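Fair warning: this is a prediction, and the values are worked out from it, not measured in the lab. Note that ligands are numbered from 1 as they come in the structure, with each ligand's atoms numbered from 1 the same way.
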Amino acid sequence: MTIPVGDAHSHTNPVRGLGAAKIAEKFKESGGWFMAIVSLSPWAYGIEFTGIESYRSSLDILARECMEAEKAGVKTACLAGFHPADVDRLIDKYRMKPEEVLELGLRVVEMIGEGCREGFPDGIGEVGRQHYKTTAERVLISELILERAIEIARDNGCLVHMHLENAGPITARLVDIAVGRYGDSELKKRLVFHHMKPSHAVYIDKLGYPSTVPGTPELLRNIVGRIPPVYMLESDHIDDPMRPGAVVYPWVMAEHVQRLARKAGEEYMYRVNVDNIVKVYGVEPP
Ligand SMILES: [Zn+2]
Ligand SMILES: [Zn+2]
């Protein structure tokens, strides 16, 4: 039988890539039932950067993409954010002052929070800290935007997808200290550690947070059945043929889930691909 596969963190790009309609169609053919679609930075969609308006335009594209995926028969959660790499790009390429970038990032996550309260999008993402070396003040700017996003998530019922540095238990501990100032165990359930190493997923679960691990064929082979099913899978597919950063195609991930289900057991795969998704995203199971 076919295991329903959930992609808990993915991107679609109707301007440069396939777009949500095609992706959802291919994903569904391989068993895909759910996809969390996370918006890209405005320039990835070819939007000229003019300030907060550009992020508002990204939000419009995200809304259309989520509708397309739903039309193709895949359930969605939709998240829009302010990626930590935007902090560097806005300073280096768009020549903004660090203080202007901080101000913009805070306004963007506030705008998204207002949306969450009104019903779209479902959450803020990606926000977090750079996974590469950058200057101290840029990391701090990113951290403050992340903390504001957590506060907004508490007040508006948003999810958050956190892009972090993957430095081991300290990564989760640093977030947990910040969350302790804003929320409780109920809020934690909506704060997703995205792109985590499988070994950290177990630790993060113990702290009370959900996480996603990349569903690459190699990683899947190594973790499925070996670590407890406390994580969700993500493709983190960026849908841009010009950028080789695509981790894995969602439909390739889904095909591997089907293959590995024989080894790991259907129950294990259901926990990862259905139960955990239903718990975090509040969607009806397939
Ligand atoms: Zn990320
Ligand atoms: Zn991503």
Could you walk me through whether Lys26 and Glu29 pass the salt bridge (charged side-chain N to carboxylate O under 4.0 Å, His left out) check?
CA-CA 5 Å; Lys26 285 164 86 84; Glu29 274 169 23; over 6 Å; no
Could you go through the side chain to side chain contact (heavy atoms under 4.5 Å, CB included) check for Gln258 and Val5 one step at a time?
CA-CA 9 Å; Gln258 307 306 341; Val5 179; 3.5 Å; yes
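Look at His194 and the Zn ion (ligand 1): an N/O/S atom of the residue is under 2.8 Å from the metal. Residue contact annotation: His83 places no N/O/S atom under 2.8 Å from the Zn ion (ligand 2).
Taking the Zn ion (ligand 1) as reference, Glu126 places its N/O/S atom OE1 nearest. For Asp236, the N/O/S atom at the shortest distance from the Zn ion (ligand 2) is named OD1. Taking the Zn ion (ligand 1) as reference, the nearest N/O/S atom within His163 carries the name ND1.
Angle NE2(His11) to the Zn ion (ligand 2) to NE2(His9): 100° [nearest 10 degrees].
Here CE of Met96 is found 9.5 Å from CD of Glu103. Values are rounded to the nearest 0.5 Å.
Residues Arg117 and Asp155 form no side-chain contact, since every pair of their non-hydrogen atoms from C-beta on lies 4.5 Å or further apart.
The main-chain N or O of Cys158 is never found under 3.5 Å from a side-chain atom of Asn156 such that the two would form a donor-acceptor pair.
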